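The structure under discussion appears below in the form of structure tokens.
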Amino acid sequence: MKDLVIKKVSDFNISWCHALHSEVFGEEDSTQVPSHIYIVHKGKKYVGYVSVYMHNVDCVYIQYAGVVDEFKGYLAPIIFKKVVEYIHEEYKGIIFRIKNINIKAIKVALNAGFLIIGTRFDGGLFVELMKVREEK
């Protein structure tokens, strides 16, 4: 995907993070407190974001990943895969969980090379996934 620019942002106001979430998901979530956010643009257009927090020195945990309506559909998996590759330039592992009823998101994660590592019941049933950077 040409013109795709991903930028890691670590110094931000938390209300900005919540505004990104509202724009992409159309709902409020004031509980997320990421350590950094990956902002995605295509040319001058805002595409979406991925918020993460440090799980440990080699691994991040994705809190949210999403794109604005214009980039949903067949472009979303391509964009997500590019962001995962970008994150893997710095971190060896990426983990996250998805609600078990969110089949589209689970398919996107599996397509990006994530493996299911378990399930968790935390107010609902979640599928836990992990991807470890392939060493060259």
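FYI, the numbering just counts along the sequence from 1. If you're wondering where the values come from, they're calculated on a predicted model, not measured in any experiment.
Remark: Lys131 NZ to Ile62 CD1 distance equals 11.0 Å, nearest 0.5 Å. Rounding to the nearest 0.5 Å gives a distance of 6.0 Å between CZ of Phe71 and CD1 of Ile79. One finds the NZ atom of Lys107 at 12.5 Å from the CD1 atom of Ile98 (value rounded to the nearest 0.5 Å). Residue Lys7 holds its NZ atom at 14.0 Å from NE2 of His36, rounded to the nearest 0.5 Å. From Ile95, atom CD1 reaches atom CG of Leu115 across 13.5 Å, with rounding to the nearest 0.5 Å. Interatomic distance, Met130 CE to His55 NE2, rounded to the nearest 0.5 Å: 7.0 Å.
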Apply side-chain contact (heavy atoms from CB on, under 4.5 Å) to residues Phe114 and Ile106 and explain how you reach the verdict.
CA-CA 9 Å; Phe114 282 81; Ile106 292 170; over 6 Å; no

Stepwise side-chain contact (heavy atoms from CB on, under 4.5 Å) test for Tyr49 and Glu23
CA-CA 10 Å; Tyr49 83 105; Glu23 183 177 0; over 6 Å; no

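Using a 4.5 Å cut-off on side-chain heavy atoms (C-beta onward), Leu20 and Ile37 make contact. Within the 4.5 Å cutoff, the side chain of His21 has heavy atoms near those of the Glu27 side chain.
Without hydrogens or angle criteria, Ser51 side chain to Pro34 main chain gives no donor-acceptor distance under 3.5 Å.
Note on ring orientation: taking the six-membered ring where Trp is involved, the planes of Phe25 and Tyr64 are tilted (angle from 30° to 60°). The aromatic rings of Phe12 and Trp16 sit tilted, their planes meeting at an angle between 30° and 60°.
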Identify every side-chain donor-acceptor pair in residues 121-128 under 3.5 Å, counting partners at least two apart or on other chains, and give the distances.
{"unit_1": "Asp122", "atom_1": "OD2", "unit_2": "Arg97", "atom_2": "NH1", "d": "3.1"}
{"unit_1": "Asp122", "atom_1": "OD2", "unit_2": "Arg97", "atom_2": "NH2", "d": "3.2"}
{"unit_1": "Glu128", "atom_1": "OE2", "unit_2": "Arg120", "atom_2": "NE", "d": "3.1"}
{"unit_1": "Glu128", "atom_1": "OE2", "unit_2": "Arg120", "atom_2": "NH2", "d": "2.9"}

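With hydrophobic clusters built from ILVMFWY side chains whose heavy atoms lie under 4.5 angstrom apart, Val24 shares a cluster with Ile78. Val132 and Ile94 fall into different hydrophobic clusters, where Ile, Leu, Val, Met, Phe, Trp and Tyr side chains are chained together by heavy-atom contacts under 4.5 Å. Under the 4.5 Å side-chain contact rule for hydrophobic residues, Ile6 and Val52 share a cluster. Put simply, Tyr61 and Val84 are part of two different groups of oily side chains (I, L, V, M, F, W, Y) that touch within less than 4.5 Å, one to the next. Taking hydrophobic clusters as Ile, Leu, Val, Met, Phe, Trp and Tyr residues chained together by side-chain heavy-atom distances below 4.5 Å, Leu110 does not share a cluster with Ile101.
Closest approach of Asp29 and His18 over heavy atoms only: O-CD2, 3.3 Å.
With sequence neighbours left out, the side-chain hydrogen bond (donor to acceptor under 3.5 Å, both in side chains) criterion links Asn56 to no other residue.
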